[in-house]
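Let me begin by presenting the structure, written as structure tokens, before commenting on it.
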Amino acid sequence: MGVNSDFKRLNREFFKREPVVVAKELLGKYIIRKIDSEIIIGKIVETEAYGGTEDKGCHVGRYGRTKKTELLFGEVGKAYIYPVYINTYCLNVVAHKDNKAGGVLFRALEPILGIEKIIENLNKDKNYDITKLLNGPGKICKGLKIGRDLNGYDMIEGDEIYIVEGEKVKEDEIITTSRINIPYAGKDKYLPWRFIIKDSKFLSR
DNA sequence: TCTGGGATCGGCT
DNA sequence: GCCGATCCCAGAC
């Protein structure tokens, strides 16, 4: 597929659905990141849904509606960027039905374009295993230079980072599992809200 | 003002 | 598999 063709951007309506549905349908789509004149493109191969005030795994279920989580209640299609530990961030997109809250976490991407730039951002050398470049939420943010300054950024209207239609992923190519690294979620950690593309070499684990 | 917790990563055993 | 890094800011005093 030619990367210069007219990619169709996802519209606001796409994200006005249950986070679980959005997470699943985001598989195979492309994230476009523009930094000055540089363009980085990654195919979405792994996502997790976080949503609903009942979900003990998501920030809303844990903290309620606070300044931190306010974005998850707001306009869908915006970036929700959350810091974890040191110098590490996670990229989410806000997605929920009206009057609710939720989001989708990007856990792994397949690098498509701008691979040298990604390697540079991660301070890796040329021989670094490409399948491990963006195989984790922290590395996505570092590799695509996504920082707190993009928290709340509108990925529907904005040009610095957005999502476009990609490859159609068949139902039998999708594997559903429970989410990663949320031991605090009680029984909600078993919810089958993680979606991965079967046989992808670019997954987080 | 101060302090703790956080949806991780990479390196070592 | 387990451990340590030593940032940021919301909420508590």
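Throughout, a chain's letter reflects where its sequence line sits, starting with A, and its residues are numbered from 1. These numbers come from the heavy atoms of this one structure, side chains and all, not from hydrogens, waters or symmetry mates.
- Between the A/N151 side chain and the A/I81 main chain, a donor and an acceptor come within less than 3.5 Å of each other.
- Between the side chain of A/T88 and the backbone N or O of A/Y85, no donor-acceptor pair lies under 3.5 Å.
- Side-chain atoms of A/S204 never come within 3.5 Å of backbone atoms of A/G136 as a donor-acceptor pair (strictly under, hydrogens ignored).
- At a threshold of 4.0 Å, the pair A/E48-A/R107 counts as salt-bridged, since one of the basic side-chain nitrogens sits closer than that to a carboxylate oxygen.
- Among the atoms of the strands shown, none is found under 4.0 Å from any heavy atom of A/R179.
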Next item on the list: Show your reasoning for whether side-chain contact (heavy atoms from CB on, under 4.5 Å) applies to A/F202 and A/L134.
Entry: CA-CA 7 Å; A/F202 301 88; A/L134 300 176; over 6 Å; no

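- Of the listed nucleotides (B/dA7, C/dA10, B/dT8), B/dT8 has the atom at the smallest distance from the side chain of A/N181.
- What separates CD1 of A/I180 from C1' of B/dC9 is a distance of 14 Å, to the nearest Å.
- Contact check, A/K124 against B/dG10: a side-chain N or O comes under 4.0 Å of OP1 or OP2.
- Pairs of Watson-Crick or G-U wobble type, with distances under 3.5 Å, assemble into runs of 3 or more in DNA chain C at these ranges: B:1-6 with C:7-12, B:8-12 with C:1-5.
- The listed nucleotides are B/dG10, B/dT8, C/dG11; the one nearest the side chain of A/T66 is C/dG11.
- Side-chain atoms of A/N135 do not come within 3.5 Å of backbone N or O of A/A108 as any donor-acceptor pair.
- Across the protein-nucleic acid pair, A/I182 atom CD1 and B/dG5 atom P stand 19 Å apart, rounded to whole Å.
- Nearest approach of A/A95 to A/P19, heavy atoms of both residues: O-CG, 3.4 Å.
- Note: CH2 (A/W193) to C1' (B/dA7) measures 14 Å, nearest angstrom.
- C/dC9 atom C1' lies 10 Å from atom NZ of A/K67, rounded to whole Å.
- In this structure, NZ of A/K56 is placed 15 Å from P of B/dA7, rounded to the nearest angstrom.
- The existence of a salt bridge linking A/E171 and A/K24 is confirmed by a sub-4.0 Å separation between a basic side-chain nitrogen and an acidic carboxylate oxygen.
- Within the nucleic acid shown, A/R194 has no heavy atom closer than 4.0 Å to any nucleic acid atom.
- Here the side chain of A/N11 pairs a donor or acceptor atom with the backbone of A/F14 at under 3.5 angstrom.
- Contacts of A/Y63 with the nucleic acid, taken as non-hydrogen atoms under 4.0 Å apart, involve only primed sugar atoms and P, OP1 or OP2.
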Please tabulate, one pair per line, each protein N/O and nucleotide N/O from nucleotides 2-7 of chain C that are separated by under 3.5 Å, including the distance.
from: C/dC7; atom 1: O2; to: A/Y85; atom 2: O; distance (Å): 3.3

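- Protein atom CG of A/L91 is 15 Å distant from nucleotide atom C1' of B/dT8, rounded to whole Å.
- Atom NZ of A/K139 is separated from atom C1' of B/dT8 by 10 Å (rounded to the nearest Å).
- Straight-line distance from the CD1 atom of A/I81 to the P atom of B/dT8: 16 Å, rounded to whole Å.
- A distance cut-off of 5.5 Å between ring centres, combined with a plane angle under 30°, leaves A/Y82 outside any stacking arrangement with the base of B/dG6.
- Residue A/R62 places its side chain closer to B/dA7 than to any other of C/dC9, B/dT8, B/dA7.
- If you chain together ILVMFWY residues whose side-chain heavy atoms come under 4.5 Å of each other, A/Y50 ends up grouped with A/L105, A/I182, A/Y184.
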